[in-house]
There are 2 protein chains.
Amino acid sequence: MDDVYARLFAGLSQPNQEAMGLVRRRSKEVLRPVGALERLDEIAVWLAGWQGTSTPSVAAPAALVFAADHGVAAGGVSAYPSSVTAAMFRALQDGAATASVMAAALGVRLVVVDVGVGRPTGDIREQPALSIHRFGECWETGRVAVSELGTTDLLVLGEMGIGNTTAASAVCAALFGGGAELWTGRGTGVDDATLVRKVAAVDEATRRMAVAGPLETLRQVGGAELVAIAGAAYEARTRSIPVLLDGFVVTSACAALEVAAPGAIAHVFAGHCSAEPGHRLLLEKLGLEPILDLGLRLGEGSGALAALPIVGLAARCVTDVATFEEWGITR
Amino acid sequence: MDDVYARLFAGLSQPNQEAMGLVRRRSKEVLRPVGALERLDEIAVWLAGWQGTSTPSVAAPAALVFAADHGVAAGGVSAYPSSVTAAMFRALQDGAATASVMAAALGVRLVVVDVGVGRPTGDIREQPALSIHRFGECWETGRVAVSELGTTDLLVLGEMGIGNTTAASAVCAALFGGGAELWTGRGTGVDDATLVRKVAAVDEATRRMAVAGPLETLRQVGGAELVAIAGAAYEARTRSIPVLLDGFVVTSACAALEVAAPGAIAHVFAGHCSAEPGHRLLLEKLGLEPILDLGLRLGEGSGALAALPIVGLAARCVTDVATFEEWGITR
């Protein structure tokens, strides 16, 4: 699996160093003490690098939410039945769900992509989540979803899928070790008994699987939307589109890319840190500092969407604020 | 001083409990796991209470930035000379400063109010910052600024004034004890030698002053914009306008109100926690949980403005998301 995809990671595009340098310099020349908005300046520099311009902006943001069902949900690892995935898929499409409301409020194009709603993956406790064929389909669906967006200057990645924090925990446990308990949290808010089943499921899944490369790990113990997210993040990289990550599931999918080819997700920023303990740990492992840390735990892209206005402001705070020189003040 | 103002705090308006109850209930009925966006739901409930409606929104936000100079700046406690206050005042008015750029991007009316630019307060190391007469003027200016805003559904309070984190530190040390070092940080980014002078100035100011009530403390060791901010926050309370606090200086001014009359700032929310160590401590003392925690340290209202979109989203995520019942799903 990983051998097949290895060539994709050769010669990945790099950020525009000149644009980054210009924005970094201007961030030190605008009317405020150097470093007073350091975290925002970093965001502006990152945005400039991937947008390839010294005047970065968030004018055409888009969000992709990938939805799918999980065989492991039959094992009672979630507070909700699998049927909720389909219901929420419709709600997201029809503008009734949280992420659709956020996207509408923010002027973000939201596209919801079905990669297996009502077509659950294999139960990861017993078998690979996806066949090699379906892995390829999901990866391609993720890539195509990005390519069909047209002009996009910031991409939010989100997901919906009952049972998918179990898959994300298994992916992280397999990628980074440390055991099932370390990576498993309460997801949508499961009770103690469900949490015990969830930890056991993650443990079973990772024990069943032989040592494997990161993409094979996604195939074995991940799920359809995780693979699509990885494909989408990869495609965004080839197009130099900066990506804002949502929560644990999205970050775990991208973590597989980073393990596959260190630096592969240099174009991503963490929108937030969720209430999932595994998410905080994962962000640390990836060296990602989240913009928001509000204990959100919804998914759908909601945490990243909540952070999106700050990315836009960060850019404006460099491009639109006057410099000391322009304002005629010597420091 | 405090006796004169005591009557103002009798019979303060309270939030609309019915509106809060309705929003709290709806936040548990919308299409997501209960508590999945708990921090956002709390913001929506708070907004509903002070706006007095079960459909809270941020449609007419405004920001007041109060600017003034400080006599203590002559003591070399800042990285910048007092003249910068006037320059930044003009930049804020003319749309060239960070907060004005943020406000424009967010559709927030920004009003900059001069309460003593180029007219420094007394040096708090040696004398009261303000005469009783000027205290009254500043307090009234703050109140009038709010009353002249017209319809406002969310108010950001910000400030600009070289030397004012020294004043804020002195206010906090006087209000809460603990010593000058505990409350004094690097403000705009002062070097070690300046920090030593700054701590000494805070220490001198608080030692000079006799034990005093919280408003007298603002008069003695605060400053003109701190008093105006307190007056503005008070006026917002009388008008049931929810207030989003910026950083250390704004929060210290409001802390005096809270000490004067516990509950007096129930209508405020902390926009962010700044890099000032005293700010984090102060938020804890006041029981305020900030929305953002990005180590920002600019003032001007910038931290609160960065958090403002999240307040608006929080409201939409309750009012605009469908309920399970509306969507025909049983849980």
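Chain identifiers are assigned alphabetically (A, B, ...) following the order of the sequence lines, protein sequences preceding nucleic acid strands; residue numbering begins at 1 within each chain.
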Does atom [atom1] of [X] have more than 12 heavy-atom neighbours, drawn from other residues, nucleotides or ligands, at distances under 6.0 Å?
{"X": "A:Glu325", "atom1": "CD", "value": "no"}
{"X": "A:Gln93", "atom1": "CD", "value": "yes"}
{"X": "B:Arg280", "atom1": "CZ", "value": "no"}
{"X": "A:Glu42", "atom1": "CD", "value": "yes"}

Report which part of [X] has an atom under 4.5 Å of a heavy atom belonging to chain A: side chain, backbone, both, or neither.
{"X": "B:Leu294", "result": "both"}
{"X": "B:Ile310", "result": "side chain"}
{"X": "B:Ala105", "result": "both"}

Chain B contact via [X] - which portion, at a heavy-atom distance below 4.5 Å:
{"X": "A:Glu300", "answer": "side chain"}
{"X": "A:Leu292", "answer": "side chain"}
{"X": "A:Leu305", "answer": "backbone"}
{"X": "A:Ala97", "answer": "backbone"}
{"X": "A:Leu296", "answer": "both"}
{"X": "A:Ser302", "answer": "side chain"}

With chain B as the partner, which of [options] has the greatest number of non-hydrogen pairs under 4.5 Å?
{"options": "A:Asp320, A:Leu37, A:Val84", "result": "A:Leu37"}
{"options": "A:Asp94, A:Asp293, A:Val318, A:Thr319", "result": "A:Asp94"}
{"options": "A:Leu40, A:Val101, A:Thr323", "result": "A:Val101"}

- Item | Options B:Thr188, B:Leu298, B:Leu106, ranked by heavy-atom pairs under 4.5 Å with chain A, top entry | B:Leu298
- Query: Which atoms form the tightest heavy-atom contact between A:Ala96 and B:Trp327, and what is the distance?
  - Reply: CB-CZ3, 3.6 Å
- Drop me the distance from B:Arg39's CZ to A:Arg297's CZ, to the nearest 0.5 angstrom. 14.0 Å
- Query: Does the side chain of B:Val30 come within less than 4.5 Å of A:Thr98's, by heavy atoms?
  - Reply: no
